[in-house]
Amino acid sequence: MRNVPVSYLANLSSGKITLWCFLIWYLATAIHHFDPAPAIWLNALGISGIIGIALYLSVREPRKPPPDRWTTMRLFLMPFCVSSFSQLIKGKGFVLVFPPEVRENAISLAACAAFVLLVWIVRRVAR
């Protein structure tokens, strides 16, 4: 029986690797700038629900199977992350998605690089 996480990592497309790096960047930022204010998270959930449904409806095609569960999850997770990210960084000097502190940029970049290195190693070993 094949190891599912190893198989998953070994077969990741470039696009999915990029999506994972986006999530890693989001999580690093959310950890650095976490705010427990319920309004941030409830608003993000509301936006996620509305936009997620709209995105789901936009990818559904008649007489074709629905998107797989991971695709559907991403359709709802992305608006949640975008909404909460924008609230967490508001007024903190970010330029696009980059914080003003070099150390924080380095941590986020290193985490993404570590993930890409992990995928590369798994691919080499899985051959």
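Please read all numbers here as calculations on a predicted model, not as lab measurements.
When hydrophobic clusters are built by joining Ile, Leu, Val, Met, Phe, Trp and Tyr residues whose side-chain heavy atoms come closer than 4.5 Å, directly or via intermediates, I40 is grouped together with V97. A continuous path of Ile, Leu, Val, Met, Phe, Trp and Tyr side chains, each step under 4.5 Å between heavy atoms, connects L27 with L109, placing both in one hydrophobic cluster. At a threshold of 4.5 Å between side-chain heavy atoms, the hydrophobic network of Ile, Leu, Val, Met, Phe, Trp and Tyr places L57 and F76 in one connected group. With hydrophobic clusters built from ILVMFWY side chains whose heavy atoms lie under 4.5 angstrom apart, I24 shares a cluster with V119. Cluster membership for L118 and V116, using ILVMFWY side-chain heavy atoms within less than 4.5 angstrom, is shared.
Closest non-hydrogen pair, A10 versus A126, comes out as CB-CB, 4.0 Å. In terms of heavy-atom proximity, C81 sits nearest to L23 at SG-CD1, 4.5 Å. W41 and L88 make their closest contact through CH2-CD1, 3.9 Å (heavy atoms, listed as atom of the first residue, atom of the second, distance).
In this structure, the side chains of P99 and T29 stay at 4.5 Å or more apart for every pair of heavy atoms. Counting only heavy atoms from C-beta outward, the side chains of R74 and R69 never approach each other to under 4.5 Å. Counting heavy atoms from C-beta on, the side chains of S58 and Y56 never come closer than 4.5 Å. Side-chain atoms of R123 and L12, non-hydrogen and from C-beta on, do get closer than 4.5 Å to each other.
Ring pair W70/Y8: centre-to-centre distance not below 6.0 Å.
With hydrogens and angles left out, the side-chain atoms of N105 and S108 include no donor and acceptor closer than 3.5 Å. E101 and H32 are not linked by any side-chain donor-acceptor pair at a separation below 3.5 angstrom, with hydrogens and angles left out of the test.
Atom CH2 of W20 is surrounded by 12 or fewer heavy atoms from other residues, nucleotides or ligands within 6.0 Å.
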Please evaluate residues I51 and F80 with respect to the criterion side-chain contact (heavy atoms from CB on, under 4.5 Å), reporting the C-alpha separation (whole Å), side-chain torsions for both, the decisive distance (0.1 Å), and the verdict.
CA-CA 9 Å; I51 302 301; F80 176 85; over 6 Å; no
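In terms of modelled atom types and a separation under 3.5 Å, the side chain of S83 and the main chain of P79 share no donor-acceptor contact. Panel note: side chain W25, backbone F98; no donor-acceptor pair is recorded below 3.5 Å. Put simply, the side chain of S7 never gets that close to the backbone of N3: no donor and acceptor are under 3.5 Å apart.
Distance check: E104 CD to K92 NZ gives 9.0 Å after rounding to the nearest 0.5 Å. Here the OG1 atom belonging to T71 is positioned 12.0 Å from the CG atom belonging to L55, to the nearest 0.5 angstrom. Going from atom CG of L96 over to atom CD1 of I89 covers 9.0 Å, rounded to the nearest 0.5 Å. One distance of note links CG of L77 with OG1 of T72; it measures 12.0 Å at 0.5 Å rounding. To the nearest 0.5 Å, the span separating CZ on F115 from CD1 on I17 amounts to 6.5 Å. The distance from atom OG of S84 to atom CD1 of I47, rounded to the nearest 0.5 Å, is 9.5 Å.
Within the hydrophobic cluster formed by Ile, Leu, Val, Met, Phe, Trp and Tyr side chains joined at under 4.5 Å, directly or through other members, M78 is accompanied by L19, F22.
In this pair, F94 and H33 present their aromatic rings perpendicular. The plane angle is above 60°, beyond the 30 to 60° band.
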